[in-house]
Amino acid sequence: MSMSDIRFESAGIEIAAHLYIPDTPAPGPRPALVVGHPGTGVKEQTSGTYARRMADHGFVTLAFDAAHQGESGGLPRGLEDPAQRVEDFKAAVSYLVTREDVDAERIGLLGICASGGYSLAATGGDHRVRAVATVCTADPSRQFRLGADGGQDPAVFQALLGAAASARTAGARGQDPGVMTMFPQTAAQAGALGGEHGVEGFEYYCTSRGEHERSAKFLAWESIDRLASYDAFFAVPLIGPRPMLQIVGERAVTSWMAVEAHQRATGPKELHWIEGASHVDLYDKKEYIDPAVDKLADFFTTHLGATS
């Protein structure tokens, strides 16, 4: 396959992306997939892995950095703006429909972790998307409000809202509002805060396993109050009759979110479990990615048509 750096605009913000094109010949324009990254991630990490693997199956794939993150534009840096994140997916579709090598009637979305939630919201509101799949679905709003496992003390999020309010006040007074650091200094500290899920996130983002210099590992504080009033699953009932697949690790503490999204779906839907996998295992571990990619390839080939 070939990979190229491309740029497109999303609500006036320049988005940086990698476009993957299969080397194998095709009789005409190909089906295409937009691939979104997890929260604080970048296109060079797990979304790029899935984009490359799906290109091996004959799809044109586009892995992009969300606005305010990675190589994309937007200030403040590290802003997690749910509405903008959904718009980024739609803008990526708009870019793909302009390409002669892409069949505009055969475009799908693939979201991983936070982008799983955002891709469902984008599909619900954009009929150009013909099928949507997610890997380890997460709605960042739910995760911040309720915790990764859904059992967080409500006081935790109230404290975050208090800190976000203080940061907005500081900014209004011309002071540095600071940022919300997403990871502690050690794996042990990550475990004390978030258990096994916290350790796995630390090991992926903060060690040589998956660390990338443009994966910021922080959020702008105003992300918190924007997330407070958002629901990534509100538009899930609008996806039907288009098909929806969610791939979930059997051990993922976040799986309750995928179950909720599945229950809201009105069209063809499948919740596919990867035996033995945790949430973060599906980011980079070959023994879990391989069956996930096989399932994704079958799903998108069935619903977007043959790739060659």
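In this text the structure is predicted, and so the values were computed from the model without any measurement.
Here the shortest heavy-atom pairing between Pro268 and Pro241 reads CD-O, 3.1 Å. Between Gly305 and Pro31 the shortest heavy-atom distance is O-CG, 4.5 Å. Here the shortest heavy-atom pairing between Met244 and Ile239 reads SD-CD1, 3.9 Å. Contact detail for Glu71 and Ala16: the closest heavy-atom pair is CB-CB, 3.6 Å. Between Pro29 and Val102, the closest heavy-atom pair is CB-C, 3.6 Å. Contact record, Leu282 with Gly249: CD1-N, 3.5 Å, taken as the closest heavy-atom pair.
For the residue pair Gln246/Thr137, the side-chain donor-acceptor check at 3.5 Å is satisfied. Checking Gln84 against Asp88 by side-chain atom types alone, a donor-acceptor pair falls below 3.5 Å. For the residue pair Ser141 and Arg226, no side-chain donor N or O sits within less than 3.5 Å of a side-chain acceptor on the partner.
Between the NE2 atom in His279 and the SG atom in Cys136 there is a gap of 4.0 Å [rounded to 0.5 Å].
A donor-acceptor pair under 3.5 Å links the side-chain atoms of Thr46 to the main chain of Tyr283, judged by distance alone. In terms of modelled atom types and a separation under 3.5 Å, the side chain of Thr254 and the main chain of Ala138 share no donor-acceptor contact. With hydrogens and angles ignored, the 3.5 Å screen pairs no side-chain donor or acceptor of Thr301 with any backbone N or O of Asp298. Side-chain N or O atoms of Gln189 include one that pairs as donor or acceptor with a backbone N or O of Gln185 at under 3.5 Å. Put simply, the side chain of Ser223 never gets that close to the backbone of Leu219: no donor and acceptor are under 3.5 Å apart. Between the side chain of His68 and the main chain of Gly78, no donor-acceptor pair closer than 3.5 Å is present. Side-chain atoms of Gln69 never come within 3.5 Å of backbone atoms of Ser215 as a donor-acceptor pair (strictly under, hydrogens ignored). The main-chain N or O of Arg209 is found under 3.5 Å from a side-chain atom of Thr207 such that the two form a donor-acceptor pair. Put simply, the side chain of Gln45 gets close to the backbone of Gly210: a donor and an acceptor are under 3.5 Å apart.
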Starting from the C-alpha separation in whole Å, work towards a yes-or-no answer on salt bridge (charged side-chain N to carboxylate O under 4.0 Å, His left out) for Lys43 and Asp65.
CA-CA 6 Å; Lys43 63 187 179 300; Asp65 286 336; 2.7 Å; yes
Val132 vs Arg242, side chain to side chain contact (heavy atoms under 4.5 Å, CB included): CA-CA, chis, key distance, verdict
CA-CA 8 Å; Val132 61; Arg242 293 167 293 165; over 6 Å; no
Check step by step if salt bridge (charged side-chain N to carboxylate O under 4.0 Å, His left out) holds for Arg142 and Glu260.
CA-CA 11 Å; Arg142 281 170 171 75; Glu260 181 181 340; 2.7 Å; yes
Could you walk me through whether Val199 and Phe202 satisfy the side chain to side chain contact (heavy atoms under 4.5 Å, CB included) test, starting with their C-alpha distance in whole Å, then the side-chain angles of each, then the deciding distance to 0.1 Å, before giving a yes or no?
CA-CA 5 Å; Val199 172; Phe202 179 91; 5.6 Å; no
Output, in order, the C-alpha distance, side-chain angles, deciding distance and verdict of side chain to side chain contact (heavy atoms under 4.5 Å, CB included) for Val93 and Val129.
CA-CA 8 Å; Val93 173; Val129 179; 4.1 Å; yes
Take Ile15 and Arg7, measure what side chain to side chain contact (heavy atoms under 4.5 Å, CB included) needs, and give me the verdict at the end.
CA-CA 6 Å; Ile15 301 298; Arg7 300 289 188 273; over 6 Å; no
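Met182 and Leu227 fall within a single hydrophobic cluster, where Ile, Leu, Val, Met, Phe, Trp and Tyr are joined by side-chain heavy atoms under 4.5 Å apart, directly or via other members. Under the 4.5 Å side-chain heavy-atom criterion for grouping Ile, Leu, Val, Met, Phe, Trp and Tyr, Phe218 is not connected to Phe183 through any hydrophobic cluster. Residues Met3 and Leu96 are members of separate hydrophobic clusters, defined by side-chain heavy-atom contacts under 4.5 angstrom among Ile, Leu, Val, Met, Phe, Trp and Tyr. Each of Leu160 and Leu193 belongs to its own hydrophobic cluster when Ile, Leu, Val, Met, Phe, Trp and Tyr are linked at side-chain heavy-atom distances under 4.5 angstrom. Put simply, Phe89 and Tyr20 are part of two different groups of oily side chains (I, L, V, M, F, W, Y) that touch within less than 4.5 Å, one to the next.
Side-chain contact between Thr134 and Ile247 is absent, with no heavy atoms from C-beta onward closer than 4.5 Å. Looking at heavy atoms from C-beta onward, Arg30 lies in side-chain contact with Thr24 at the 4.5 angstrom threshold. Using a 4.5 Å heavy-atom threshold, the side chains of Leu79 and Arg77 count as separate. Using a 4.5 Å heavy-atom cutoff, the side chains of Leu245 and Phe300 are not in contact. Side-chain contact between Arg52 and Met1 is present, with heavy atoms from C-beta onward closer than 4.5 Å. The shortest side-chain heavy-atom distance between Ser4 and Leu19 falls under the 4.5 Å cut-off. Residues His18 and Thr61 have side chains not in contact (no heavy-atom distance under 4.5 Å, counting atoms from C-beta outward). The shortest distance between side-chain heavy atoms of Asp290 and Arg53 falls below 4.5 Å.
Phe8 meets the ring pair (Phe, Tyr, Trp, His ring centres under 6.0 Å) test with Tyr95; sequence neighbours excluded.
In this structure, Glu287 places its CD atom where more than 12 heavy-atom neighbours from other residues, nucleotides or ligands lie under 6.0 Å away.
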Would you give me the side-chain donor-acceptor pairs under 3.5 Å for residues 161-175, sequence neighbours excluded?
{"residue": "Ser166", "atom": "OG", "partner": "Gly162", "partner atom": "O", "Å": "3.2"}
{"residue": "Arg168", "atom": "NE", "partner": "Asp225", "partner atom": "OD1", "Å": "3.2"}
{"residue": "Arg168", "atom": "NE", "partner": "Asp225", "partner atom": "OD2", "Å": "3.1"}
{"residue": "Arg168", "atom": "NH2", "partner": "Asp225", "partner atom": "OD1", "Å": "2.8"}
{"residue": "Thr169", "atom": "OG1", "partner": "Ala165", "partner atom": "O", "Å": "3.2"}

Compile the donor-acceptor pairs under 3.5 Å between side chains in residues 148-158 and protein atoms, sequence neighbours left out, one pair per line.
{"residue": "Asp149", "atom": "OD1", "partner": "Gly151", "partner atom": "N", "Å": "2.9"}
{"residue": "Gln152", "atom": "NE2", "partner": "Phe144", "partner atom": "O", "Å": "2.9"}
{"residue": "Gln152", "atom": "NE2", "partner": "Arg145", "partner atom": "O", "Å": "3.3"}
{"residue": "Asp153", "atom": "OD1", "partner": "Ala155", "partner atom": "N", "Å": "2.9"}

Would you tabulate the side-chain donor-acceptor contacts of residues 108-120 under 3.5 Å, counting partners in other chains and residues two or more places apart, or write 'none'?
{"residue": "Ser115", "atom": "OG", "partner": "His37", "partner atom": "N", "Å": "3.2"}
{"residue": "Ser115", "atom": "OG", "partner": "His37", "partner atom": "O", "Å": "2.5"}
{"residue": "Ser115", "atom": "OG", "partner": "Arg85", "partner atom": "NH1", "Å": "3.3"}
{"residue": "Tyr118", "atom": "OH", "partner": "Glu80", "partner atom": "OE2", "Å": "2.9"}
{"residue": "Ser119", "atom": "OG", "partner": "Ser115", "partner atom": "O", "Å": "3.0"}
{"residue": "Ser119", "atom": "OG", "partner": "Gly116", "partner atom": "O", "Å": "2.9"}

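Side-chain contacts under 4.5 Å among hydrophobic residues (ILVMFWY), followed directly or transitively, place Trp273 together with Val248, Val259, Leu271.
Residue pairs meeting the side chain to side chain donor-acceptor pair (under 3.5 Å) criterion with at least one member in residues 193-205, sequence neighbours excluded, are Glu196-Arg251, Glu200-Ser278.
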